[in-house]
*Asks:* 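Just dropping this structure here.
Chain letters run A, B, ... following the sequence lines, proteins first, then strands; residues in each count from 1.
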Amino acid sequence: MKIEDQLRLLKRNTTYFVDESELKEKIQSGKQLRVKLGVDPTASDVTLGWAVVFRKLKEFQDLGHHACLIIGDFTAQIGDPSGKSKTRPQLTSEQVSTYANSVLDKIFKIIDKDKTTVYFNSEWLGSMKLDDFIRLASKVTVARILERDDFSKRLKEEKPISLHEMIYPMCQAYDSVKINADIELGGNDQLFNNLLGRTLMSQMGMSGQCVMLSHLLVGTDGKEKMSQSLGNYVSICDDPNTMFGKAMSIPDSLIINWMELTTVMSQEEIDTYKNALNSNSINPRDAKIALAKSLVMLYHGKGQSLTAEEYFINTFSAKKGPTEVEEKQVPQEILEGSERDIIALLVSLGFSSSRGSAKRLIESGAVSIDGEKLTTFNFSGELDGKVLKVGKHRFCKLIN
RNA sequence: GGGGAGUUGCCCGAGCGGCCAAUGGGAGCAGACUGUAAAUCUGCCGGCGGAAGCCUACGUAGGUUCGAAUCCUUCACUCCCCA
């Protein structure tokens, strides 16, 4: 592939890139680049948001470069202040290692294991001596750190900033030094951290890494950055129907953005949808179906994507109810007597956390059995084989 | 080290010694309308109880009062200003 084409490919969907001519030179030298991507294992799932950056990393691998994946098991215990308006809770090392394993398990669904070296940054940060640490800290100024948006905002709002949070960017920057990165990838919120890596490297007499940042993916709520703690995320391991459904629930305004960032649809195809949407010549729903289908195909294959589409249309568009639903056992004690206590049923099957809220669900007409809306707390008929529906999304088939 | 302000439910935030399970907003859940979209409208939104009511809650621990989220003291934490 010609160098210009390579650069064009790599630059796609990125928001920030420094420095193009530097990267071009590095690529042209023919050497295999060390492409750094660091993730802090603060949660167990891999979201589509992370996938954006991982797929960028995969593109580098496909061009023959080497992925240096940093598992920030040490930095996760500090907590990245990026984009946060308050101090993150600190994790224990047990939590971190559980998350790390879980994340590593999933990540190779996207990137190529053979072209990846995994590093744990506790390896060098965990055993650092205090005098080394202080020497390192002397290379970063307080003004530089306080300059960042997250901190200056908090300062202005009289919110606390702990000292350990200010150390975070430096630790991450030091990772780049340790692994001698040629380029670091990241989400848009990593601007400060990654640039500090570049600076630190050159201060230590190395050639500073390039920095390439991807768009942040907005979550299914259409407002916030996708994140596990906010619950507005899609996991790359979500089952096909869930993934499809979640994609269908995003606001229309995000369709094109998601096509670009989460699927493998070609730019031409996306542009076609974009024009069609702009000129109102397509029902946005259909564009969204194309998006959802492409997404499921990427992680589950073509067959599953068609099944998921069918399931979605049958269940929701045609309101027929799902063709196949999970079966759930009705607890023995509910089967005793002549009347079935639906409140207890909802609680024991996990549809409600308390009897009170189960009652409220029934009162608001959210619960139905075989399509019949419940109006009382008890049910006198047979339950076996019937479909229980709670709200719009939750179904199960009852068995005795 | 000194002076001042503050800590309320998932989050923000009001709160008069009794009428406070606590105003309001956001989030969430449900219903209507839809395209499981958005927007909008409606209801719910600590627990137990089909209801009366009871229990647990306003940073912690005590106290004053017939009665406290509201007053006093202790401790903890946060912010500001001055060293």
Side-chain angles (χ1 to χ4, degrees), chain A residues 84-90 151-165 218-234 238 240-259 273 276-277 280 282-293 295-296 308-322 325 337 339-347 350-368 371 373-380 388-395:
Chain A
K84 295 283 163 184
S85 53
K86 60 166 81 162
T87 309
R88 280 180 179 249
Q90 289 187 262
F151 288 150
S152 59
K153 243 189 233 155
R154 272 155 73 175
L155 220 43
K156 212 170 288 165
E157 289 167 14
E158 307 189 345
K159 298 239 174 81
I161 302 170
S162 300
L163 193 55
H164 74 280
E165 296 179 86
V218 175
T220 52
D221 60 356
K223 290 175 199 138
E224 305 280 342
K225 167 191 161 189
M226 180 177 283
S227 95
Q228 287 179 68
S229 52
L230 293 174
N232 61 353
Y233 74 102
V234 180
D238 276 341
N241 291 342
T242 307
M243 195 181 267
F244 198 100
K246 282 185 182 172
M248 288 306 285
S249 76
I250 64 170
D252 289 356
S253 55
L254 247 59
I255 296 175
I256 296 301
N257 180 253
W258 271 49
M259 281 182 173
Y273 279 110
L277 284 171
N280 287 323
I282 184 176
N283 185 336
R285 181 197 53 191
D286 296 326
K288 223 189 271 181
I289 286 178
L291 160 68
K293 219 158 55 171
L295 185 60
V296 175
E309 179 185 14
E310 199 184 335
Y311 170 87
F312 179 83
I313 291 176
N314 280 336
T315 309
F316 300 109
S317 303
K319 294 202 171 144
K320 276 193 216 147
V325 282
E339 299 254 290
R340 308 283 158 262
D341 181 357
I342 302 301
I343 299 171
L345 183 69
L346 291 175
V347 174
F351 288 114
S352 170
S353 57
S354 72
R355 288 182 60 86
S357 76
K359 265 185 262 182
R360 282 178 230 123
L361 280 172
I362 297 172
E363 277 165 359
S364 61
V367 181
S368 65
K373 196 172 275 188
L374 275 186
T375 49
T376 55
F377 296 146
N378 290 313
F379 185 76
S380 47
L388 175 69
K389 182 178 172 217
V390 183
K392 267 179 228 168
H393 308 234
R394 294 181 292 172
F395 303 90

*Asks:* Can you check whether A:Lys288 reaches A:Trp258 side chain to side chain, under 4.5 Å on heavy atoms?
*Replies:* no

*Asks:* Does B:A57 pair with anything, Watson-Crick or G-U wobble, both distances under 3.5 Å, and if so, with which nucleotide?
*Replies:* none

*Asks:* List the protein contact pattern of nucleotides 41-51 of chain B with one symbol per nucleotide (5' to 3'): B for base contact, S for sugar-phosphate-only contact, - for none; contact means a heavy-atom distance under 4.0 Å.
*Replies:* ---SS-SSBB-

*Asks:* For nucleotides B:C16 and B:A69, find the distance between their C1' atoms and express it as a whole number of Å.
*Replies:* 12 Å

*Asks:* Taking the P atom in each of B:G9 and B:G59, what is the distance between them to the nearest angstrom?
*Replies:* 8 Å

*Asks:* Are any non-hydrogen side-chain atoms of A:Asp221 and A:Leu230 less than 4.5 angstrom apart?
*Replies:* no

*Asks:* Checking base pairs now: Watson-Crick or wobble, both atom distances under 3.5 Å. What partners B:C33?
*Replies:*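 None - no nucleotide pairs with B:C33, as no candidate has both distances under 3.5 Å.
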
*Asks:* Using a 4.5 Å cut-off on heavy atoms from C-beta on, say whether the side chain of A:Leu346 contacts that of A:Leu388.
*Replies:* yes

*Asks:* Nearest whole Å is fine: how far is B:G26 P from A:Asn232 CG?
*Replies:* 19 Å

*Asks:* Whole angstrom is fine here: how far is it from NZ in A:Lys392 over to P in B:G35?
*Replies:* 12 Å

*Asks:* Taking atom P in both B:G3 and B:C75, compute the distance separating them and give it to the nearest angstrom.
*Replies:* 14 Å

*Asks:* If I pick the C1' atom on B:G67 and the same atom on B:G4, what distance separates them, to the nearest angstrom?
*Replies:*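 Looking at atom C1' only, B:G4 and B:G67 are 33 Å apart.
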
*Asks:* In whole Å, I'd like the distance from the CG atom of A:Leu361 to the P atom of B:G31.
*Replies:*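 Value for this atom pair: 9 Å.
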
*Asks:* Quick one: does A:Val218's side chain get under 4.5 Å of A:Lys223's, heavy atoms only?
*Replies:* no

*Asks:* Sticking with atom C1', work out how far B:A57 lies from B:A5, rounded to a whole angstrom.
*Replies:* 26 Å

*Asks:* State whether a side-chain donor-acceptor pair under 3.5 Å links A:Ser352 with A:Ser357.
*Replies:* yes

*Asks:* Using whole Å, report how far CZ of A:Arg394 lies from C1' of B:C29.
*Replies:* 8 Å

*Asks:* Taking the side chain as every heavy atom from C-beta outward, state whether A:Leu291 and A:Tyr273 have any atom pair closer than 4.5 Å.
*Replies:* no

*Asks:* What is the distance, rounded to the nearest whole Å, between atom NE2 of A:His393 and atom P of B:U34?
*Replies:* 17 Å

*Asks:* Which comes earlier along RNA chain B counting from the 5' end, the contact point of A:Val390 or that of A:Asn283, where each point is its nearest nucleotide?
*Replies:* A:Val390

*Asks:* Give the rounded distance in Å between these two atoms: CD1 of A:Ile362 and P of B:C29.
*Replies:* 19 Å

*Asks:* Reckon A:Pro251 touches a base, only the sugar-phosphate, or nothing at all at heavy-atom distances under 4.0 Å?
*Replies:* sugar-phosphate

*Asks:* If I take atom CZ in residue A:Arg285 and atom C1' in nucleotide B:A37, what distance separates them, rounded to the nearest angstrom?
*Replies:* 11 Å

*Asks:* In whole Å, what separates the P atom of B:U8 from that of B:U60?
*Replies:*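 It works out to 10 Å between them.
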
*Asks:* May I ask you to test the A:Lys246-A:Asp238 pair for a side-chain heavy-atom distance under 4.5 Å?
*Replies:*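 Counting from C-beta outward, A:Lys246 and A:Asp238 do come under 4.5 Å.
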
*Asks:* If pairing requires Watson-Crick or G-U wobble contacts with both distances under 3.5 Å, which nucleotide is the partner of B:C10?
*Replies:* B:G26

*Asks:* Among the candidates B:A37, B:U78, B:G31, find the nucleotide nearest to the side-chain atoms of A:Pro160.
*Replies:* B:U78

*Asks:* Any side-chain heavy-atom pair from A:Asp341 and A:Asn378 closer than 4.5 angstrom?
*Replies:*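 Result yes, sub-4.5 Å side-chain heavy-atom pair found.
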
*Asks:* Distance check, C1' atoms only: B:G13 and B:A27, in whole angstrom units.
*Replies:*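 My reading of the C1' atoms in B:G13 and B:A27 gives 14 Å.
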
*Asks:* Strictly by Watson-Crick or wobble contacts shorter than 3.5 Å, is anything paired with B:A5, and which nucleotide is it?
*Replies:*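 Across any shown strand, B:A5 pairs with B:U78.
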
*Asks:* Counting only Watson-Crick pairs (N1-N3 plus N6-O4 or O6-N4) and G-U wobbles (N1-O2, O6-N3), all under 3.5 Å, who is the partner of B:A21?
*Replies:* none

*Asks:* Base, sugar-phosphate or nothing for A:Ile289? Non-hydrogen atoms, less than 4.0 Å.
*Replies:* nothing

*Asks:* Using a distance-only criterion (donor-acceptor N/O pair, under 3.5 Å, no hydrogens), is the base of B:G35 paired with the side chain of A:Asp252?
*Replies:*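 When only heavy-atom distances are counted, A:Asp252 does reach the base of B:G35 through a donor-acceptor pair under 3.5 Å.
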
*Asks:* What heavy-atom pair brings A:Lys293 and A:Glu309 nearest, and what distance separates the two atoms?
*Replies:*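 So the two residues come closest at CD-OE1, 3.0 Å.
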
*Asks:* Distance check, P atoms only: B:C45 and B:C29, in whole angstrom units.
*Replies:* 16 Å

*Asks:* Between A:Lys223 (NZ) and B:A27 (C1'), how many Å, whole number?
*Replies:*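 In whole Å, B:A27 C1' and A:Lys223 NZ are 8 Å from each other.
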
